Amino acid sequence: TLLPLVSPLSDEGKGLMSIKSAFSNVVNELHDWDDVHNGDHCSWRGVSCDKSFSVVSLNLSNLNLGGSISPSVGDLKNLQAIDLKGNQLTGQIPDEIGNCGDLRTLDLSENLLYGDIPFSISKLKQLEDLILKNNQLTGPIPSTLSQLPNLKTLDLARNQLTGDIPRLIYWNEVLQYLGLRGNFLTGTLSPDMCQLTGLWYFDVRANNLTGTIPDNIGNCTSFEILDISYNQITGEIPYNIGFLQVATLSLQGNRLTGKIPEVIGLMQALAVLDLSENELVGPIPPILGNLSYTGKLYLHSNKLTGSIPPELGNMSNLSYLQLNDNQLVGRIPAELGRLGELFELNLANNYLEGPIPQNISSCTALNQLNVYGNRLNGSIPSGFQNLESLTALNLSSNNFRGRIPVELGRIVNLDKLDLSSNDFSGPIPASVGDLEHLLKLNLSRNCLDGPVPAEFGNLRSVQHIDMSFNKLSGKIPVELGQLQNLNTLILRNNNLRGEIPVQLTNCLSLLTLDISHNNFSGELPPTKLFSRFPPESFSGNPLLCGNWLGSLCETYPHGPK
Amino acid sequence: LVLMMSRRRLSGPGSSPPTCRIKCGRCTPCKAVHVPIQPGVSVPLEYYPEAWRCKCHNKLFMP
């Protein structure tokens, strides 16, 4: 008689083996899924069973599994949770997944799955969490997802889904989280969205939605986060928005027109208000100063006019204030100096005038200050040395004058310093050499005189130095040869003289050198490094010799004469 | 009528941070804080959306 060769494995064990056979990279991660040596499938990695040895959950997240999801998953009828996130799974989501009628959680996020979202998912009446974000899924969002009465989380972010957001999805009082960012969804926002009475997270950022913000938007009173940024939404921000209870209101990157509604100043629950990159006009409502709990206020890249309301100084929790790229006029209000939490202040590219108020020096948390491209004047406030956290200071393209204060060297965390295109005069203080973290230094297009400080040799990290179009005199200090990270040195249009120090050839990272239009003399260091620079780097120095055509002491003839 | 009364919008526009006094169970002090919500794999330099939560020591509670 024949001995039975059938393995004692149950049907569910066989289903799991078949799931394994569709995966790759199983040798390392699923070696205990082995029907020959271990028939107890409930003990296999990532498998959990109920009392009757039926598989209830499958957790194989972040195991670098490749291959695809086998249709055999549909044989595991008692599955309540599938978590395959963070693998390299490809192929389509099998229709058979609709047979797992007890499924509560389905997380297939962060894989390479493609194809449509199967309609069969709408058979999963127990489903609470459907998380398919970060895949390559295409096609529409099935409107039948509205037939899932228990769905709490629907996260389809960062796929390639197309078509409209099905209106029926909005008629779900249980749904708490709707994540659709980063797809190719079209159509408009429906007034029905406020039927989501249990929803706190609404995110359709970065799609192709058009139309206006629904007039009844304020009815979405359960929303904590409303992110409709980076679409093509047009029209005005409705007054009704003031009834929202949101902590985050992200409307940036659309084509919104009209004024900023005053009513937004009453939305004190706002932690983040982002209206940037739209076509908003009119003034910044002073009532926004009421938002004393707001940490981030972004109004940049609009067409806002009028002056900066001093009331913004009342926003005591503000850490980011970006008003750049508008048409703002008037002075920088001294009241901004009361913003003790302020981390980033960007007022660039407006029509602001007058000096930077001394009080700004009280913003000791300030990390980035950018006033580029205004009509500001006066000198750098001496109190700036208190801004010890500052890493980026950009005062470029204004009408600032006076000397560069010695105290600037005390802002030791600076990595970018741009004072270019102003009327600064006098010598460059040696203390600038104390800025040992400096990566980029731009002092070009001022009226600076005196020598290049030898202390610049201490700028260990510096990559980019531009001091062109000044009245600098003296020699290039030999200490610049210590700058191992320097890739750009621009000294053109000054009154520098003497020989090019041979030590400069130690700057092995140097890719761009421009010392043209000075009074340099002698021969160029005859090294490989210098031969890579074009003749234009040296032109306008009549007493300088090199191997370019017409040079004083041309050593290599360029063709027949 | 009760349903209508419970709608905050009848009291006019505007909002305020949650009052957290009794939201942390027995834990004190209970304070309202901003919490970043990670919306999946995020692009660097993008800020996360923020929501309000009630915080007591290291524990967060729903407002």
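Treat the numbers as computed from the prediction; the structure is a model and nothing was measured. Lettering follows sequence order; numbering is per chain, from 1.
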Counting only heavy atoms not in [X], do more than 12 sit closer than 6.0 Å to its [atom1] atom?
X	atom1	value
A/Q160	CD	yes
A/D215	CG	no
A/Y230	OH	yes

Considering non-hydrogen atoms only, spot the tightest contact between A/F243 and B/P13 and give its length. CE2-N, 3.4 Å

For A/V272 against B/E50, the heavy-atom pair lying closest together: CG2-CD, 3.7 Å

Going by residue number, which parts of residues 262-269 of chain A are within reach of chain B, meaning a heavy-atom gap below 4.5 Å? A/V263, A/L266, A/M267, A/Q268, A/A269

What distance separates B/Y48 OH from A/K296 NZ, expressed to the nearest 0.5 Å? 10.5 Å

Let me confirm one number: the CD1-OH distance from B/I37 to A/Y177, rounded to the nearest 0.5 Å. 8.0 Å

Working note: A/D274 + B/Y47, criterion side-chain contact (heavy atoms from CB on, under 4.5 Å); need CA distance, chi angles, decisive distance, verdict. CA-CA 11 Å; A/D274 197 339; B/Y47 61 85; 2.8 Å; yes

Side-chain touch A/E224/B/R53, heavy atoms, less than 4.5 angstrom: yes

B/P49: which of A/L226, A/V246, A/T248, A/D203 passes side chain to side chain contact (heavy atoms under 4.5 Å, CB included): A/T248

B/H34 side chain to A/L270 backbone, donor-acceptor under 3.5 Å: no

Select one option (side chain, backbone, both, neither) describing which atoms of A/F223 are under 4.5 Å from chain B's heavy atoms. neither

In terms of heavy-atom proximity below 4.5 Å to chain B, should A/Y201 be classed as side chain, backbone, both, or neither? side chain

